[in-house]
Chemist: 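Below is the structure I would like to discuss, written out as structure tokens.
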Amino acid sequence: MSTTLFTNCTLFAEPYGNVIRNAYLLVKGNTIAETGPMADLAFPEDAKVVDASGKLLMPGLINGHNHCAMTLFRGLADDLGLNDWLHGHIFPAEARYANPEMVYWCTRLAAAEMILSGTTCVADAYFFSGSSAQALADCGMRAVIGHGIVDFPVPSVPDPKKNIETVASFIAEWQDRHPLITPAVFAHAPYTCSPATLRKAKDLADRTNVRFFTHLAEGRQEIEMIIDPQGTSPVRHLAALDLLGQNTVCVHSIWLDDQDLDLLEESGTSVVTCPQSNLKLASGIARIEEMRRRNIVVGLGTDGCASNNSLDMFKEMDMLAKIQKVERNDATAMPAQSVLQCATTGNASLLHLPLLGRLQPGCKADLIVLDLATPHLTPFYNPDLLVYAASGADVHTVMIDGRIILENRKILSFDLQETMARIAELTQTIRQAN
Ligand SMILES: [Zn+2]
């Protein structure tokens, strides 16, 4: 079993705000074994020692919602509303360019960007999910991978009648296959999946004990697009189909009334919010502060980088805190602590990965090291600064499952130049066609 010892660091400890200065953290195998002040350290034999003087150790960030392979479409269709962006540009681009090879290499590009900005686990939602799973496993990233389901033909499922069985095959192939990869079901949205498809997708998730994700109430128009006599709101539409519950994660969840919030709260349904994507597509601002006060489990995600256009979770945290404050005209809304929880323990909870998101003995060794010896992070009184001043570029070292995969901002787990070269080829194809 490998042993790694981080010494002389500032430690982001529990409970929130408890910072141990001049601390150590010991990793045995893939698990955090000990943390504490250096004065208490009994040096273990045969440990790889990482001197983290001037640096902060914090939990790896979890990206609660991403479409990793959409890195290829970054900047392809900016400054458009959700409907025009999705139906006029993104769906046609996917129909033309998505294939297993594209998904593999573009997911690796996303992995590089996420690792370099401190994300150690991602909830992906796309098609050709076997390629996504393989890419993230090859890059050494932890991931929950939801295979997409829609009711129209897509490159990965030309016959939509086979959408459920395609996802079932993906789950059977990847369940318990790789320690970093967990399969899931991603029913795209109530306006691209019929009630019968949504119900079958949820049944599959329940039967195979995997998470059920769907985009929900992202745009105001969705309310008119759902053709169901019982569905007076997207949330009530799901409730009428008995799709809410502790196994369900609703992404976006912007256009919600009080009754919808009651339904989410009573059913134990989780929400992932993606504030930058929601702002850029002018979709709206989710009622996250009210969800927080109701103890609805809320996670944070970037969404795909065709609608963001960055996968930096530090930027996302900063935006979530500030947009909730201005929306409610209340500077105490969505404090930094709650934002950090969304990006760590909140996402860990809704992904059913409870050993992630905190630096405690017994938890998985998914952690990041930030360089604090820099003007914009000085002085460092408490972790609130991570939300309001840090960026992905401050990440120095990344460990996932006990393995150091980024050191001094160099990716160790795969050849980034090879990935960049493959992306350049794919990008050239799109440039020539446009
Ligand atoms: Zn999305």
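For ligands, and for the atoms within them, numbers begin at 1 and follow the listed sequence.
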Chemist: Would you say H215 reaches the Zn ion (ligand 1) with an N/O/S atom under 2.8 Å?
Modeler: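 An N, O or S atom of H215 is closer than 2.8 Å to the Zn ion (ligand 1), so yes.
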Chemist: If only atom types and distance count, is the side chain of T269 paired as donor or acceptor with the main-chain N or O of G245 below 3.5 Å?
Modeler: yes
Chemist: Are H215 and H67, when compared by the centres of their aromatic rings, separated by less than 6.0 Å?
Modeler: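 Between H215 and H67, the centre distance is under 6.0 Å.
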Chemist: Can we call the ring centroids of Y126 and F186 under 6.0 Å apart?
Modeler: no
Chemist: Does the side chain of I145 come within less than 4.5 Å of T182's, by heavy atoms?
Modeler: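 Heavy-atom side-chain distance check fails, nothing below 4.5 Å.
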Chemist: Is the distance from the Zn ion (ligand 1) to some N, O or S atom of H67 under 2.8 Å?
Modeler: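 Given the 2.8 Å cut-off, H67 counts as a ligand of the Zn ion (ligand 1).
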Chemist: Closest N/O/S atom of D303 to the Zn ion (ligand 1), by atom name?
Modeler: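 In D303, the heteroatom (N, O or S) nearest the Zn ion (ligand 1) is OD1.
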